[in-house]
Amino acid sequence: MFALVDANSFYASCETVFRPDLAGRPIVVLSNNDGCIVAANKRAKAFGNIMYQPYFQLAKMLEQKGTAVFSSNYELYGDLSHRMHTLLSQFAIEQEVYSIDECFLNFTGMQHWNFTHYGQSIKQSVMKQLGLPVAVGIGSSKTLAKAANNIAKQLPELEGVLCLSDLSPAGQNQMLAGLNVADIWGVGQRWSKRLNAIGIETALDLKQTPIKKIRKQFSVVLERTVHELNGIPCQSLQLVIPNKQQIISSRAFNKTIRDYKNMQQAVARYIARAAEKLRQQNGVCKQISVNIMTNPFQSTAQYNNWASTSLIYPSNHTGHLIERGKHCLKRIWKEGYEYKKALVILSDISEPGIMQYDLFADKARYSNNKKTDSLMQVIDKINSRMGKGTCRLAAEGNNSKSSWPMQRHRQSSRYTTCWKELPVAYLK
DNA sequence: TCTGGGGTCCTAGGACCC
DNA sequence: TCTGGGGTCCTAGGACCC
């Protein structure tokens, strides 16, 4: 038996934890650079289709309706997320942290428990200790737990908790009949359209479709989903976080870049971020790719190109990677465009030590040189203690914090992670 | 003026091997 | 006239997730 615990509009809810005055107001949270709406509470969602829409198009409407608008505050969300997952881990023997705002719990071996009741106590606990609203879905597979969670959020009479296994088979089917096939975990836009076209509209329809038909017309991925809807688990909990196979670092620029040197610095900075993540998982990479592009939403001249290169010796050294990255950039750079975004991918990742040496290459430059390794370690330590970007390579530019500041006009305080921004309570 | 930033898995087809 | 039967590896593209 599996449970899925998922916070309701997590980012928006985080913003209310230290702001009781926001009760009853519509709330939205914006993406980086205050670009799109990436989270909205129930009141804001009621305005219509606003999720992932550009903020500037809706700003006026939102303001007129008294909406509280926030730039994303990942320090706050990350910290509250960590607290939530720590709390939830106490309710089961096994936990899979699936994303920033949701986790699976394994209830195997607890057959005699009253799960609906247990789900309620989980929900109340998170509200009491963290002030965050969550929904709990329980079922005999991960897909069913996800579906139950979704239904629990949709039907107010369930009060945020649904255990499908506590229902009769007919009752379960009735619930699944009320769930759109597009809302099933693993069924996205494309597939839901194709499923609709052959008459499969609800979760129940999909559950009852012959498995061979699904395999033939779709793939083994959807076949597994159908099995899971029928209560046959095809996926277990992922208890160990696997190392990343690729690490991406990308950002849109606040202002467009025309100048090669500026672009070099931006690319160097993204590489440095990615390399830091790579070292955190104690990995080395063998491939680096660089992509630059203009703004596709503008009618100006468009250019979008990428280049990649292999490293002779796998590395996680920022300097080596920047050097290779610069080569990539040189190959794709074209003068005269207004560049809006750069993207860097580190791939072909492995552990250091598992390394195929090149007979003729200069090992001293690329191997796990102890001096450069410890230099990177020192830089990482300084940055983790003193703040990101405190210590960096010259290639990243000498005023990296101010040269392309991210637009975040509406950021709330980092109530739980920054001494200066702790909430203050006044006694009357 | 203004449009996010990450990830994974599977499949088909081409190139190669004996 | 006529052209087998197994494999592996790599890549691009398509689907999905938050």
Side-chain angles (χ1 to χ4, degrees), chain A residues 4-7 9-11 28-39 50-60 62 69-74 77-78 81 85 96-104 142-143 146 149-150 181-195 214-225 228 234-235 238 241-256 270 273-274 277-278 281 286-287 289 291 293-300 302 306 308 310 338 340-349 406-410:
Chain A
L4 180 83
V5 186
D6 184 318
S9 1
F10 182 63
Y11 293 176
V28 299
V29 179
L30 308 178
S31 63
N32 285 333
N33 280 321
D34 293 347
C36 296
I37 294 169
V38 291
I50 63 166
M51 287 293 282
Y52 308 106
Q53 301 299 311
Y55 169 60
F56 74 93
Q57 288 176 358
L58 299 171
K60 223 173 192 179
L62 292 172
V69 179
F70 292 96
S71 304
S72 33
N73 183 346
Y74 291 111
Y77 312 151
S81 165
H85 288 313
E96 172 186 339
V97 175
Y98 181 64
S99 76
I100 191 164
D101 74 325
E102 61 188 300
C103 71
F104 288 100
K142 287 168 93 173
T143 303
K146 269 272 201 185
N149 186 287
N150 207 317
V181 77
D183 292 335
I184 295 173
W185 190 41
V187 179
Q189 267 190 352
R190 306 280 167 94
W191 284 357
S192 63
K193 267 186 196 159
R194 278 172 60 191
L195 287 165
I214 294 297
R215 179 61 194 254
K216 210 173 168 185
Q217 296 190 25
F218 294 86
S219 76
V220 68
V221 182
L222 194 58
E223 183 185 353
R224 283 199 284 253
T225 300
E228 291 229 326
C234 299
Q235 312 173 62
Q238 211 170 51
I241 300 167
N243 284 332
K244 305 248 182 285
Q245 297 172 30
Q246 59 175 34
I247 292 170
I248 299 179
S249 172
S250 88
R251 284 263 186 285
F253 310 129
N254 191 13
K255 283 180 188 162
T256 54
Y270 295 2
R273 263 179 23 116
K277 286 188 203 166
L278 183 59
Q281 67 171 49
K286 217 180 163 180
Q287 174 111 7
S289 309
N291 169 234
M293 69 190 85
T294 50
N295 187 345
F297 297 103
Q298 295 293 314
S299 54
T300 48
Q302 295 291 312
W306 67 275
S308 54
S310 294
E338 298 278 347
K340 180 65 180 170
K341 186 174 174 178
L343 181 146
V344 167
I345 303 179
L346 304 183
S347 54
D348 214 338
I349 291 174
M406 197 184 296
Q407 197 166 296
R408 276 184 176 164
H409 290 318
R410 299 160 173 277

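Each chain gets a letter, A, B and so on, in the order its sequence line appears, and its residues count up from 1.
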Participant: Atom CD of A/Glu96 and atom P of C/dC18: how far apart are they, to the nearest Å?
Facilitator: 12 Å

Participant: Would you indicate what A/Gln53 reaches in the nucleic acid, counting non-hydrogen atoms under 4.0 angstrom: base, sugar-phosphate, or nothing?
Facilitator: nothing

Participant: Among B/dG7, B/dG4, C/dC18, which is the nearest nucleotide to the side chain of A/Ile248?
Facilitator: B/dG7

Participant: Given the rule in the side chain to side chain contact (heavy atoms under 4.5 Å, CB included) test, do A/Ile184 and A/Trp191 qualify, once you have shown the distances and angles that lead to the verdict?
Facilitator: CA-CA 11 Å; A/Ile184 295 173; A/Trp191 284 357; over 6 Å; no

Participant: Heavy atoms from C-beta onward define the side chain here; which of B/dG4, B/dT3, B/dG6 lies closest to that of A/Asn295?
Facilitator: B/dT3

Participant: Side chain of A/Ser250, heavy atoms from C-beta onward: which of C/dC16, B/dT11, B/dG6 has the nearest atom to it?
Facilitator: B/dG6

Participant: Have a look at A/Leu222 and say if it touches a base, only the backbone sugar-phosphate, or nothing, with a 4.0 Å heavy-atom cut-off.
Facilitator: nothing

Participant: How are the rings of A/Phe104 and A/Trp185 set to each other: parallel, tilted or perpendicular (split at 30° and 60°)?
Facilitator: tilted

Participant: Just how far, in rounded Å, is P of B/dT1 from CD of A/Glu338?
Facilitator: 15 Å

Participant: Considering only side-chain heavy atoms of A/Glu102, which listed nucleotide, C/dC16, C/dC18, B/dG4, is closest?
Facilitator: C/dC18

Participant: From CZ of A/Phe253 over to P of B/dT3, roughly how many Å is that when rounded to an integer?
Facilitator: 13 Å

Participant: By the 4.0 Å heavy-atom rule, please label A/Ile345 as base, sugar-phosphate, or nothing.
Facilitator: nothing

Participant: Among B/dG4, B/dG6, B/dT11, which nucleotide sits nearest the side chain of A/Arg215?
Facilitator: B/dT11

Participant: What's the closest nucleotide to the A/Lys277 side chain, out of B/dG4, B/dG6, C/dC18?
Facilitator: B/dG6

Participant: Take the protein atom CZ of A/Phe70 and the nucleotide atom P of B/dG4, then report the distance between them rounded to whole Å.
Facilitator: 21 Å

Participant: Whether the A/Ser308 and A/Gln287 side chains hold a donor-acceptor pair (N or O, under 3.5 Å, no angle test) is what I'd like checked.
Facilitator: yes

Participant: Is there a donor-acceptor contact under 3.5 Å linking the side chains of A/Arg410 and A/Ser71?
Facilitator: no

Participant: Would you mind classifying the nucleic acid contact of A/Asp34 as base, sugar-phosphate or nothing, using non-hydrogen atoms under 4.0 angstrom?
Facilitator: nothing

Participant: Picking from A/Asn254, A/Asn32, A/Asn33, what satisfies side chain to side chain donor-acceptor pair (under 3.5 Å) with A/Arg408?
Facilitator: A/Asn32

Participant: Please report, rounded to the nearest Å, how far the C1' atom of B/dG4 is from the CD1 atom of A/Ile50.
Facilitator: 16 Å

Participant: Any idea which of B/dG6, B/dC2, B/dG4 is nearest the A/Gln298 side chain?
Facilitator: B/dC2

Participant: In whole angstrom, give the distance that lies between atom OH of A/Tyr74 and atom P of B/dG5.
Facilitator: 9 Å

Participant: Is it true that A/Glu228 and A/Thr143 share a donor-acceptor pair across their side chains at a distance under 3.5 Å?
Facilitator: yes

Participant: The side chain of A/Lys244 lies closest to which of these nucleotides: C/dC17, B/dT8, B/dT3?
Facilitator: B/dT8

Participant: For the side chain of A/Ser72 and the backbone of A/Tyr74, is there at least one donor-acceptor N/O pair under 3.5 Å apart?
Facilitator: no

Participant: To the nearest Å, how far apart are A/Gln217 CD and B/dT11 C1'?
Facilitator: 17 Å

Participant: C1' atom, B/dG4 versus C/dC17: distance in rounded Å?
Facilitator: 16 Å

Participant: Assign A/Tyr55 to base, sugar-phosphate, or nothing according to its heavy-atom contacts below 4.0 angstrom with the strands shown.
Facilitator: nothing

Participant: Please give, in whole Å, the distance from B/dT1 P to A/Gln407 CD?
Facilitator: 14 Å

Participant: For the backbone of A/Thr294 and the side chain of A/Gln298, can you confirm whether one donor and one acceptor N or O come within less than 3.5 Å of each other?
Facilitator: no

Participant: Counting side-chain heavy atoms from CB outward, which of C/dC18, B/dT3, B/dG7 is closest to A/Ile247?
Facilitator: B/dG7

Participant: For DNA chain C, what are the stems built from at least three Watson-Crick or G-U pairs in a row, each pair having both distances below 3.5 Å?
Facilitator: B:5-18 with C:5-18

Participant: Reckon A/Ser72 touches a base, only the sugar-phosphate, or nothing at all at heavy-atom distances under 4.0 Å?
Facilitator: nothing

